[in-house]
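All chains are named by letter (A, B, ...) in the order of the sequence lines, taking the proteins before the strands, and each is independently numbered beginning at 1.
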Amino acid sequence: MRDYDFTAIETGWQKRWEESGAFERGNGGGGEKYYLLEMYPYPSGKIHMGHVRNYTIGDAVARLLRMQGFDVLYPMGYDALGLPAENAAIENNVNPRDWTLQCIAGMEKQQRRMGWSYDWSRKLSTCDPEYYRWNQWLFLRMYERGLAYRREAPINWCPRCETVLANEQVVAGACWRCDTKVEVRSLEQWFLRITQYAEELLAGLDALDGWPERVRVMQKNWIGKSRGATVNFRLKDTGETLPVFTTRPDTLYGATFMVFAPEHPKVMELVKGTDYEKPVAAFVNRVVIEDRFLRTAEDREKEGVYIGRDAINPLTGEPIPIFTANFVLMEYGTGMIMAVPAHDQRDFEFARKYGIAVRVVIVPPGESLDPAAMTRAYEGEGTMVNSGAFSGLHNVEGIERVTRCLEEKGIGEESVQYKLRDWLVSRQRYWGTIIPIIYCDDCGVVPVPEKDLPVEFPTDVEFTGRGNPLATSKTFAAAACPKCGGAARRETDTMDTFVDSSWYYFRFTSPRCRALPFDKEQARYWMPVDQYIGGIEHAILHLFYSRFFTRVMRDLGLTEHSEPFRKLLCQGMVIKDGAKMSKSLGNIVDPDEMIEKYGADTCRLFILFASPPEKDLEWSDRGIEGSHRFLKRTWRALLPLAEKWREASPPAGAIDLEIKRLVHKTLKKVTGDVGVRMHHNTAVSALMEFLNAFSGFVKEKGTGPGALPSLKYAADHFLMMLSLFAPHVSEELWREFGNEGFVSLQPWPRWDEELTVEETVEIAVQVNGKVRDRLRLPKGAGEDEAFEAALASARIRKYTSDGRIVNRVYVPNRLVSIVVG
RNA sequence: GCCGAAGUGGCGGAACCGGCAGACGCACCAGACUCAAAAUCUGGCGGGGCGCAAGCCUCGUGGGGGUUCGACUCCCCCCUUCGGCACCA
């Protein structure tokens, strides 16, 4: 018997698949469409175990769907623009484009070595001008509609990357990519008006029942919707309106001071020329330059100063002092707040520190509160007191009533606030999509005409590691104004690369479309993505931007879909020795080495078997050997049978019932586990059980002519199922049995429900909740029959003889439960 | 602090709708084969107890309570771990 030479087998079948275009769309049969997608990789040059896991999970599903007759779209591409290419350019003095293309080539080769069944004919790279042309096109459409706009704003600046970051890309005060502490600067930048879609993005989450709950919650928190009211306070001396946002209008009678954010322009305006100007300016200047992450930490001590002016509480008519303090944020609400120390912990701490009155306006039902004795704010529900006509109301009703009263008096209105901010997309970088804008001294901001797209990368640039390389080009910046023809200059900022990934899944539906970003008909057919698979790290960033882009494209008339991803699976990390694989920990397992040592089939099998997809997977060198052993056992069990089968040219014979049951039971398990539950680990274990049972059968019945048809039947079905996980060895053995065509493209057999249940079933017999005996009864035995059998058992009689039976329960084919009193 | 997920043998995990806890695999132990080792094959493998043995009893799914004939599964309280958000008025 020849050895299991996995390297030869795998390269052979990869070649045959490729030459025949086996997995290009159209070979799946004319069934219902299914768009299966994994998050495309950044082409770093080498795949890692995280990729292996992500893509193997998807591939098993793609293979099943294809065999089941679905019209499957399963593409692969590269998120090819981005900082690492530029850093490589700086370090190795190469062009980012050359470096990236080389990385893509290397990565694709590895992906093919894994035997993933992508439709490679649809491959795309976002660094292709025919791709990023459409980033620019979409940007211009958004500009026309006011969805892309430019403004000066305090922005997050990463000093290491020397670029601006979006709020979503600042993680715990540091750059999401390089972990450098982020600074705040004020710059003219391009934004996308994602806030315009805040309400829709929030409402849409409810319908995404195919998404993990935690992702929906994260997005919900990120949008951060608060309902409340805008209340117009007035400046005591001038009557000027000072609007504040509050979620607790019911506490308005307890507002004993106001606080402005230090950045608020009103602060310096109001103190100008007064005794307070100097101390307030000193405070503001100190706080404003403070590290923003530190300043906004919850445990930061609250401090502030009185600015020498008072406001009028619109309901009590009383004057209250105005402060500026570090805990109020300029960018949320109106940048100023009403402070209710009795019922807000932050306000309470501040009031105690500065000796401001604490006025109780809500008390717990049936209790009272003494402001002097309070040690913290009472933030719970209760009865309104000291609140004029509202006293005695429950505060939840009070929210409603006070708001209505404000509206009637014209001093406030119901309103909603979001934490979500517009998406800052400008990056001072080279290897990103150039923002297609020209600045003319006479005409101002002028979009690049559509006929001049794409704006491509200049090549006469220097990569020094400092500042934007685009700005070093001698030829790039100079441009004729598209409007007046006069001398003008180009925008040198590029787009955040998350723009690229916000719509690439649409492009896959028609990757060579020339007229538009994608063909509308193709998108109508394929979208939405039925199953999306990727890491949880994109829970907000990529997945949120994609939902935004899909809606923008809908409003541009490009698609009728609003949600891009129907179902989402977030697979867990691959860890080793309890930690994420990383260079610094030295616990990286290289997929190439594993393929070398065990073959792609073994890697695939192990990574699916070791853990269910959504859990973290602990890499085990012993574990992968176990999976390898299973494939070797498969090989040794089936290859000699295949030879016998070919030599014997056996007669068609009846299939053994026991074998049939085994096949159908396993079919049901594998089909459900991979296709519905996506718990590949239990599907693999079902195949292991199958092989164990199969070997037992061979041992018992032998391999004579009478047994061969049954064994062939079992082997064929086994190989079809195994091909989802270990496709190469399955193809090889399939051919050894003399079968035609690819096992990977066989129609998936249906199971017969009748055959998945044994003829006789084991029924547990419980007495007072404890299992005391097991009976073998015919399938579907009736209640009376079961009890008769149970009570006939000596073991059961032992318990029933000295008591009377007070209750009995029967679960057909499962158990009998007897309660003895 | 708020929100979310999870906690089962030495380990990864299984038990899908409230019905036999520990499938499958790893590790380990014993045996077969071998001069020997590796590989391979066979058997055993949650804890405690009784029995020469077949077997039997008992405890056991983070802890405590509850519902139920019956709970890893449902409800209440608590603990631990991981993830997200975090002065958002």
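Taking 90° from 0 as the syn/anti boundary, the base of C82(B) is oriented anti. Syn is the classification of G9(B), since its glycosidic angle stays within 90° of 0.
With no hydrogens or angles considered, a side-chain donor-acceptor pair links Asp673(A) and Thr682(A) at under 3.5 Å.
Taking the centre of each ring, Phe323(A) and Phe350(A) come in below the 6.0 Å mark. Residues Phe690(A) and His717(A) place their aromatic rings such that the two centres sit no closer than 6.0 Å. Ring centroid separation for the pair Tyr598(A) and Phe606(A) does not come in under the 6.0 Å cut-off.
Only the P atoms considered, C52(B) is 33 Å distant from U42(B), to the nearest whole Å. Only the P atoms considered, C35(B) is 31 Å distant from G25(B), to the nearest whole Å. When the P atom is used for both A27(B) and G12(B), the distance is 15 Å, rounded to whole Å. C79(B) sits 15 Å from G65(B) when the C1' atoms are compared, rounded to a whole Å. Comparing the P positions of G18(B) and G13(B) gives an interatomic distance of 23 Å, to the nearest angstrom. Distance noted for atom P between C76(B) and A21(B): 26 Å (whole Å). Annotation: G44(B) and G22(B) have their P atoms spaced 15 Å apart (nearest Å). Nucleotides G9(B) and A5(B) have their P atoms positioned 22 Å apart, rounded to a whole Å.
Rounding to whole angstrom units, NZ of residue Lys770(A) and P of G60(B) are separated by 9 Å. For Arg814(A) and C16(B), the CZ to P distance is 8 Å, given to the nearest whole Å. With rounding to whole Å, Lys302(A) atom NZ is found 12 Å from A89(B) atom C1'. If you take CZ of Arg808(A) and C1' of G19(B), they are 17 Å apart, rounded to a whole angstrom. To the nearest angstrom, C1' of G83(B) lies 14 Å from NZ of Lys615(A). Spacing between atom CD of Glu379(A) and atom P of A89(B) amounts to 12 Å, rounded to whole angstrom units. Regarding Ile575(A), its CD1 atom lies at a distance of 13 Å from the C1' atom of G83(B), rounded to whole Å. Per the geometry, CE belonging to Met218(A) stands 14 Å off C1' belonging to A86(B), to the nearest Å.
Residue Lys419(A) places its side chain closer to C85(B) than to any other of C85(B), C16(B), A14(B). Considering only the side chain of Pro612(A), G13(B) comes nearest among C56(B), C20(B), G13(B). Nearest nucleotide to the side chain of Ser226(A), out of A89(B), C87(B), A39(B): A89(B). Of the candidates G13(B), C41(B), C3(B), the closest approach to any side-chain atom of Arg636(A) belongs to C41(B). Distance from the side chain of Arg677(A) is smallest for A15(B) among the nucleotides A89(B), A15(B), G12(B). When distances are taken from the side chain of Ala610(A) to each of G4(B), G12(B), G13(B), the shortest belongs to G12(B). Taking the side chain of Gln766(A) as heavy atoms from C-beta on, and the options A15(B), A21(B), G19(B), the nearest nucleotide is G19(B). Nearest to the side chain of Val771(A), among C56(B), C69(B), A21(B), sits A21(B). Distances were taken from every side-chain heavy atom of Lys669(A) (C-beta onward) to each of A14(B), C16(B), A89(B); the shortest belongs to C16(B). The nucleotide whose nearest atom lies closest to any side-chain atom of Arg300(A) is, among C87(B), C69(B), A89(B), C87(B).
Between the side chain of Arg53(A) and the main chain of Gly572(A), a donor-acceptor pair closer than 3.5 Å is present. Between the side chain of Gln417(A) and the backbone N or O of Lys225(A) there is no donor-acceptor pair closer than 3.5 Å. Counting only distance, with no hydrogens or angles, the side chain of Asn313(A) and the backbone of Leu252(A) share a donor-acceptor pair below 3.5 Å. With Gln345(A) contributing its side chain and Ala377(A) its backbone, the two residues share a donor-acceptor pair below 3.5 Å.
Across all strands shown, Glu762(A) has heavy atoms under 4.0 Å from base atoms, whether or not it also approaches the sugar-phosphate. Heavy atoms of Val767(A) sit nowhere under 4.0 angstrom from any nucleic acid atom. Counting non-hydrogen atoms under 4.0 angstrom, Val811(A) reaches a base of the nucleic acid.
Within 6.0 Å of atom NZ in Lys779(A), more than 12 heavy atoms from other residues, nucleotides or ligands are found, so the atom counts as buried in its surroundings. Enclosure of atom CZ in Arg814(A) is not indicated, since only 12 or fewer non-hydrogen atoms of other residues, nucleotides or ligands lie within 6.0 angstrom. By the neighbour-count criterion of 12 heavy atoms within 6.0 Å, atom NZ of Lys220(A) is sparsely surrounded, having that number or fewer from other residues, nucleotides or ligands.
A sub-4.0 Å separation between OP1 or OP2 of C3(B) and a side-chain N or O of Lys220(A) is absent. The side chain of Tyr799(A) places an N or O atom within less than 4.0 Å of a non-bridging phosphate oxygen (OP1 or OP2) of C57(B). Not one side-chain nitrogen or oxygen of Arg772(A) sits closer than 4.0 Å to the OP1 or OP2 atom of C56(B). An OP1 or OP2 oxygen of G12(B) is reached within less than 4.0 angstrom by no side-chain nitrogen or oxygen of Ser611(A).
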Check: In dot-bracket notation, what is the pairing pattern of RNA chain B, taking Watson-Crick (N1-N3 plus N6-O4 or O6-N4) and G-U wobble (N1-O2 and O6-N3) contacts under 3.5 Å, with [ ] crossing and | for other strands?
Finding: (((((((..(((......[....))).(((((.......))))).(((((....)))))..(((((..]....))))))))))))....
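Under the rule for a side-chain hydrogen bond (donor to acceptor under 3.5 Å, both in side chains), the partners of Trp751(A) that lie at least two apart in sequence or sit in another chain are Glu753(A).
Here the CH2-CZ distance, from Trp635(A) to Arg2(A), works out to 4.0 Å after rounding to the nearest 0.5 Å.
If Val819(A) and Val816(A) are placed on RNA chain B by their nearest nucleotide, the residue sitting closer to the 5' end is Val816(A). Along RNA chain B, the nucleotide nearest to Ile337(A) and the one nearest to Ile763(A) differ in position, and the one closer to the 5' end is contacted by Ile763(A).
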Check: How does protein contact run along nucleotides 24-31 of chain B, one letter per nucleotide 5' to 3', with B for base contact, S for sugar-phosphate only, - for none, heavy atoms under 4.0 Å?
Finding: BSSS----
